Enquirer: 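Here it is, the structure, as structure tokens.
Sequential numbering from 1 along the given sequence is applied to the chain's residues. All values derive from a computational prediction rather than experimental measurement.
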Amino acid sequence: MAFSSLFRKKTVQDILKQVAQNETDGHNALGKHLTTRDLTAFGIAAIVGAGIFSTIGKASADGGPAVIFLFLFTALACSFAAFAYAEFASMVPVSGSAYTYSYVAFGELIAWIIGWALIMEYAVGNITVAISWSDYFTGLLQSGGIRLPQWIQMDYLTASNGFKDAMALMQGGKTFENLDSGLQAAYMAWTTAPTIGSFHFVADLPALFIIVLITALVYRGMKESRNASNLMVVVKLCIVLLVIAVGAFYVDTANWDPFAPNGVGGVLKGVSAVFFAYIGFDAISTTAEECKNPQRDLPRGMMWAIIICTILYIAIALVLTGMVRYNELNVGDPLAFVFEKLDLKWMSGIIAVSAVVAMASVLLVFQMGQPRIWMSMSRDGLLPKKFSTVHPKFKTPSFATIVTGFVVAVPALFLNLTMVTDLCSIGTLFAFVLVCAGVLVLQNKPEIPRGKFKTPYVNSKYILPVLILAGLYYAFAFNNKATMAFVNNEAQTFDATTIITSLNKEESVKVLNYLETIDVKNKTSETSDLEYLLSQYQDDDVKYAQIVKGLPINDSLKYESGFSLFKHKIPMWIFLFVLVGLVVWAFRKNLSLIPLLGLICCLYMMAELSVWNWIYFTIWLLIGLVIYFTYSRKNSKLNFKQVS
């Protein structure tokens, strides 16, 4: 096979002809039930979930009240990407989302890569939501007096890692009672779990329960899913508006001063947490074939969902940071936390119930999106034909829906939240980058049939270089210290927890003896908790650096430097080099500004994720390429078309 066959493309005309054929003969046709209102509701159902009920707390703790600017920035980035999605959805109104769009813009290999990456958004994203749902659900049961054993409500990795950290901290002098609640729960789950030899059976069973329930609902049909989603969205919006309305009466404006306590760096620290709060709007585009008028309704549904959710997020962030000090919000359930702190326990109970409903609605939309991606890939011959089977009665992709249930349910039993959240974010951002790039590739091709929606054109030829120069001026004039530390790869001091959990018993004794010699407040006579004793100096960066420098342990336990530090900066260097290439491309081809800014913003957010996410994501893509070259390439319908 020739190299050029890797980039063979589908034409918009062929895709539209196939859809018309499916509708005429009734085979492989999906039921058409959705309007703009339904699509907006699906968008809100997908977006307002784990983000507003959990990650908003961490982002507010890092950025203070100024986190609202991060919500605006992320909404802007998602809106740029939504313009690109809307243009493609209007041009190619079929199931498949970014996968189908890439097939038209770039060709088969890139389409396969994006389809494979989207599994990380929908399937891995649903693992994330299922785990979060399980946390809220077990918390709700607990408040009602029903206590499940720890080992059936926690994943294996969290229990295993938490047990090790708990043991290290207790070795450093901390008592079990002084461990944070998460480590206590992990320790209990690991030590009380049934064992088979040395294997501890720890599995998140409530997560399994909700996945089975939602998969059954999605299997039943789009009309049932739509009605359930619309009902859950109404409940969810009522609760969010109630939180804003009641919380507004308890806002103390003194809590908004300082507005940006940790500066721009603090605000940007929450990028991945806040972006996770917006994931989902693109899932609407997988339902294109089930819309009554996709070319009109899909763009409207996406935009309305993003606008409504941004207004809600900003209002919630201002209310939360006004009710309590920003630095108290680094908790997993910030909405329930602030009302409990103000002794409004009835409100925190209502929030817990609504969080369970919210998570379920997100699961519903994502569990609906994944089978439709697989169905599209199967129709093209890239996956076995079974994946495009449509149920004769329910008119849903039945086999693909069942497989999705298994793919989500099994890992949800064992994987931890942090790992799957970051993997979900990088897969989604990668899809956004390629969709924005697809619009740029197709902008100068008049032979491509256009839909009713087109992204407004603004020439970026001179605007982008000016924006880059403004960014460089800000970095070196106002953020010089951090910029130079990045460029020069200056060594960074580990925080107290990282240092203490990496010590062996002998090193722990040495550190305790050293801290006793410099202890002017006589804290060492009260406790031998090394983490507490060392972390008391962290508020003063200069003082903390001096204390750490004097610790009688190896420098590798105190500082991150050399390649072990530089490797974390590799994603950002990739972003900077790509940015230079984009400036040249924009100057030569007069690229459209909106999709170009969408590409840059999403790539920047990818660069903010850790290098390990990039490594895991690359491994995932390599597995996908093995499947493509061993099965998909020779079974592709375009391959048979070329041969004939």
Side-chain angles (χ1 to χ4, degrees), residues 37-61 65 67-68 70-72 74-75 78 128-129 132-133 135-137 139-140 228-251 270 273-281 283-284 301-324 326 329 331-342 344-366:
R37 189 182 63 188
D38 297 321
L39 290 168
T40 305
F42 271 134
I44 295 168
I47 296 170
V48 178
I52 205 163
F53 288 100
S54 60
T55 56
I56 195 171
K58 172 81 169 73
S60 299
V67 75
I68 62 167
L70 185 55
F71 279 109
L72 284 171
T74 311
C78 289
T128 310
V129 180
S132 294
W133 184 90
D135 290 344
Y136 270 96
F137 180 68
L140 191 63
S229 173
N230 288 352
L231 178 66
M232 286 190 274
V233 167
V234 170
V235 171
K236 193 155 56 172
L237 288 182
C238 288
I239 298 299
V240 169
L241 292 171
L242 179 67
V243 166
I244 294 167
V246 174
F249 289 101
Y250 293 89
V251 167
V274 169
F275 175 72
F276 187 74
Y278 278 95
I279 286 179
F281 76 85
I284 306 169
M302 278 188 207
M303 291 305 177
W304 275 118
I306 290 174
I307 290 166
I308 291 168
C309 291
T310 302
I311 293 167
L312 291 175
Y313 280 164
I314 288 172
I316 285 273
L318 286 173
V319 166
L320 283 183
T321 52
M323 288 173 75
V324 300
Y326 71 92
L329 286 169
V331 291
D333 53 348
L335 299 192
F337 167 78
V338 291
F339 286 102
E340 205 167 302
K341 190 168 172 63
L342 295 173
L344 295 168
K345 289 193 168 50
W346 62 275
M347 270 297 288
S348 62
I350 291 172
I351 289 163
V353 173
S354 70
V356 168
V357 173
M359 304 285 185
S361 67
V362 178
L363 271 166
L364 178 66
V365 179
F366 275 33

Enquirer: How far does CD1 of Ile316 sit from SG of Cys309, to the nearest 0.5 angstrom?
Expert: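 Answer rounded to 0.5 Å: 11.5 Å.
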Enquirer: Just to verify, what does Phe275 make a ring pair (Phe, Tyr, Trp, His ring centres under 6.0 Å) with, not counting sequence neighbours?
Expert: Phe432
Enquirer: Any non-hydrogen side-chain atom of Tyr250 less than 4.5 Å from a side-chain atom of Leu344?
Expert: yes
Enquirer: Side-chain contact, heavy-atom cut-off 4.5 Å: Trp304 with Arg37?
Expert: no
Enquirer: Taking all non-hydrogen atoms of both residues, which atom of Ala305 and which atom of Ile44 are closest, and how far apart?
Expert: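 Looks like CB-N, 4.0 Å.
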Enquirer: So which atom in Ala317 and which in Val67 form the shortest heavy-atom distance, rounded to 0.1 Å?
Expert: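 Closest pair (atom of Ala317, atom of Val67, distance): CB-CG1, 3.9 Å.
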Enquirer: Could you grab the distance from atom CD1 of Ile306 to atom CD1 of Ile311, nearest 0.5 Å is fine?
Expert: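 Ile306 CD1 to Ile311 CD1: 12.0 Å, rounded to 0.5 Å.
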Enquirer: Excluding sequence neighbours, so at least two apart, what forms side chain to side chain contact (heavy atoms under 4.5 Å, CB included) with Leu312?
Expert: Leu237, Val240, Leu241, Ile244, Ile308
Enquirer: To the nearest 0.5 angstrom, please state how far the CG atom of Leu39 sits from the CE atom of Met302.
Expert: 8.5 Å
Enquirer: Which heavy-atom pair separates Met347 from Leu242 by the least distance, and what is that distance?
Expert: SD-CD2, 3.9 Å
Enquirer: Please name all residues satisfying side chain to side chain donor-acceptor pair (under 3.5 Å) with Tyr278, sequence neighbours left out, ordered by chain then number.
Expert: Thr310
Enquirer: Could you state the interatomic distance from CZ (Phe249) to CG (Leu342), rounded to the nearest 0.5 Å?
Expert: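 Answer for the CZ-CG pair, Phe249 versus Leu342, is 14.5 Å.
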Enquirer: Taking it one step at a time, do Tyr313 and Val274 satisfy side-chain contact (heavy atoms from CB on, under 4.5 Å)?
Expert: CA-CA 10 Å; Tyr313 280 164; Val274 169; over 6 Å; no
Enquirer: Roughly how far, to the nearest 0.5 Å, is the CG atom of Leu72 from the CD1 atom of Ile314?
Expert: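 With rounding to 0.5 Å, CD1 (Ile314) is 3.5 Å from CG (Leu72).
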Enquirer: Phe137: which residues meet the ring pair (Phe, Tyr, Trp, His ring centres under 6.0 Å) condition with it, sequence neighbours left out?
Expert: Trp133
Enquirer: If you compare all heavy atoms of Leu335 against all heavy atoms of Ile351, which two are closest, and at what distance to 0.1 Å?
Expert: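 Residues Leu335 and Ile351, closest heavy atoms: O-CD1, 3.5 Å.
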Enquirer: With the side chain counted from C-beta on, respond yes when Ile350 and Phe339 share a heavy-atom pair under 4.5 Å apart, and no when they do not.
Expert: no
